[in-house]
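Before any comments, here is the structure.
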Number of protein chains: 2
Amino acid sequence: MARKTGSHSEITGPRIRDAALRLFARYGFAAVSMRQIAAEVGVQAGALYLYTPDKETLLFDLLKSHMDELLAAWEAEPKDEDPLTRLERFVRFHIRFNLERPDAVFLSYMELRNLGPDNFRRIESLRRAYEDELETILRDGVRQGLLSIPDTKIATLAIIAMLTGVTTWYREGGRLSRDRVGDIYWDMVRKAVSA
Amino acid sequence: MARKTGSHSEITGPRIRDAALRLFARYGFAAVSMRQIAAEVGVQAGALYLYTPDKETLLFDLLKSHMDELLAAWEAEPKDEDPLTRLERFVRFHIRFNLERPDAVFLSYMELRNLGPDNFRRIESLRRAYEDELETILRDGVRQGLLSIPDTKIATLAIIAMLTGVTTWYREGGRLSRDRVGDIYWDMVRKAVSA
DNA sequence: TCTTGTATTGAACACACGTTCAGTTAACTT
DNA sequence: AAGTTAACTGAACGTGTGTTCAATACAAGA
């Protein structure tokens with residue numbers, strides 16, 4: 001038996017990535033076997049190797065895609081003049097983007113250690129590029145006297161950690177809408193860095 | 001060959017826990033084998049089972065001990081009257097305590113998913129107890145008109161996420177002392193929740 | 001010095017792992 | 001209708017997994 005009716009590369013490839021993302025996020029990279037991923041897709045383990053050279057590359061591609069999408073989506077946001085408006089946009093953007101991809105966010109913050117040194121560095125530099133976007137906003141705000149921040153680098157990391165934490169507790173259909181969550185976090189961030 | 005000179009249960013036990021904590025934090029629970037832990041201690045894998053019934057219980061004991069220590073250490077802190085002073089104490093306490101145990105902190109936030117349902121619930125309820133300590137402070141502050149917080153539950157989680165994030169970037173002997181880090185975060189937290 | 005009990009070894013168990021590949025089938029091309 | 005190719009199977013490879021346990025070597029007590 002081989003090649004079931006109606007199966008194609010364009011379908012199986014994404015399905016493998018989807019299954020891997022969900023399983024890695026739920027159980028951890030090392031705890032998930034290639035056979036589990038294959039079973040989820042409805043295929044034998046060997047077939048996965050038509051789509052990825054090995055397991056680590058599968059993880060890397062997921063992380064890389066996530067970071068690329070994150071940076072591209074932020075680039076696509078309108079560019080405001082006022083640092084305070086830009087900061088508000090960043091806060092709401094980060095929450096919205098992360099709540100739409102909780103699995104990818106979790107992976108990105110938890111499974112970097114399963115990457116080899118080279119792959120690790122590539123993801124890290126994308127992450128730093130994203131952090132720099134926020135820090136630039138904060139620095140501009142300080143320079144214009146709109147914000148008061150003892151250390152913009154730490155403030156950057158603190159704000160991102162705080163915002164990213166949303167994914168750990170937010171549940172769809174819960175007490176609060178996404179917009180309301182955005183309002184609440186923006187209130188805290190704005191006050192935390194205000195002059 | 002068996003039982004090397006000068007080895008005792010009181011020594012091997014803690015050494016196993018130390019090695020397991022370090023390895024689990026660095027490589028992840030599932031990625032670390034009992035043989036690796038044993039090798040770190042200088043013992044054969046079978047010997048570990050004199051100290052733990054199985055691998056998951058070893059992880060659980062590490063997480064449980066960490067949470068117990070965390071709650072006990074917070075209990076031992078002076079109890080202030082003023083909510084603002086209590087909040088400042090909490091912020092500085094959390095940073096100080098976590099920076100002293102980066103491995104245990106990392107484990108506690110990353111490897112809960114490797115616990116069975118019962119063990120998971122036990123750790124979760126300890127975590128919730130700790131979060132309640134902070135939320136009580138925030139609520140008292142709001143009630144006395146000292147703080148302005150749209151949602152104390154979210155503020156609790158946001159503050160803890162922000163503070164815990166310190167362990168991901170702080171390096172001993174780096175640009176900032178621990179006290180300075182405490183100052184910076186307290187500045188941000190105070191402003192974020194101030195009336 | 002001899003006995004007793006504890007800490008540890010080392011081999012074995014059954015199973016699961018990531019990965020490879022010759023073989024097989026369905027779909028596409030001509 | 002025949003030939004070609006892409007998609008996938010199923011079995012196998014060597015290695016590693018958590019865990020058990022009889023055998024053993026040391027330390028302490030009498």
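By convention in this document, chain letters (A, B, ...) are assigned in the order of the sequence lines, proteins followed by strands, and residues within each chain are numbered from 1.
- A:F90 has its ring centre less than 6.0 Å from the ring centre of A:Y130.
- Distance CE (B:M34) to P (C:dT9): 14 Å, rounded to an integer number of Å.
- Rounded to an integer number of Å, the gap from A:R15 CZ to D:dA7 P is 15 Å.
- Contacts between residues 53-62 of chain A and DNA chain C, defined by a heavy-atom separation under 4.0 Å, are made by A:D54, A:K55.
- The pair B:R121-B:D118 meets the salt-bridge criterion, with a side-chain N (NZ, NE, NH1 or NH2) lying under 4.0 Å from an Asp/Glu carboxylate O.
- End-to-end axis angle for the helix from C:dT1-D:dA30 to C:dT30-D:dA1, using five pairs per end and rounding to 10°, comes out at 10°.
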Donor-acceptor pairs under 3.5 Å, side chain of residues 28-50 of chain B to any protein atom, not counting sequence neighbours: which ones?
residue	atom	partner	partner atom	Å
B:S33	OG	B:R35	N	3.4
B:S33	OG	B:Q36	N	3.1
B:E40	OE2	B:R22	NH2	2.5

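- Side-chain contact, A:D68 with A:S65: no donor N or O sits under 3.5 Å from an acceptor N or O.
- A close approach under 4.0 Å does not occur between any side-chain nitrogen or oxygen of B:Y51 and OP1 or OP2 of D:dT19.
- The distance from atom CD1 of B:I11 to atom P of C:dT6 is 17 Å, rounded to the nearest whole Å.
- Mapping A:G46 and A:Q36 onto DNA chain C by nearest heavy atom places A:Q36 at the nucleotide closer to the 5' end.
- Atom CG in B:L138 sits 11.5 Å away from atom CG in B:L146 (nearest 0.5 Å).
- Residue contacts for A:V41: at a heavy-atom cut-off of 4.0 Å it reaches no nucleic acid atom on any strand shown.
- Not a single donor-acceptor contact under 3.5 angstrom links the side-chain atoms of B:R35 to the base of D:dG16.
- Both tests do not hold together for B:R92 against B:Y185: distance to the six-membered ring centre under 6.0 Å, angle to the ring axis within 45°.
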Chi angles and distances behind the side-chain contact (heavy atoms from CB on, under 4.5 Å) call for B:L21, B:F106
CA-CA 10 Å; B:L21 177 60; B:F106 196 75; over 6 Å; no
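- Between the side chains of A:E135 and A:T152, at least one donor-acceptor pair of N or O atoms lies under 3.5 Å.
- For A:A47, counting side-chain heavy atoms from C-beta on, the closest listed nucleotide (C:dA7, D:dT9, D:dT19) is D:dT9.
- Looking at B:E100 and B:R96, no side-chain N of the basic residue comes within less than 4.0 Å of a carboxylate O on the acidic one, giving no salt bridge.
- Whole-Å rounding puts the B:L50 CG to C:dG5 P distance at 17 Å.
- Computed from coordinates, the A:I37 CD1 to C:dC17 P distance equals 11 Å when rounded to whole Å.
- Atom CD of B:Q44 and atom C1' of D:dA22 are 15 Å apart (whole Å).
- In this entry the distance linking OH of B:Y49 with P of D:dG18 reads 6 Å, nearest Å.
- For the pair A:N114 CG and C:dG18 P, the interatomic distance rounds to 12 Å; values are reported in whole Å.
- At D:dG16, none of the side-chain N or O atoms of B:S33 fall inside 4.0 Å of OP1 or OP2 (strictly under the cut-off).
- Neither OP1 nor OP2 of C:dA7 sits under 4.0 Å from any side-chain N or O of B:T12.
- Looking at the side chain of B:V43, the nearest of the listed nucleotides C:dT19, D:dC8, C:dT8 is C:dT8.
- At a cut-off of 3.5 Å, with distance as the only test, a side-chain donor of B:N119 or B:E56 sits close to an acceptor on the other residue.
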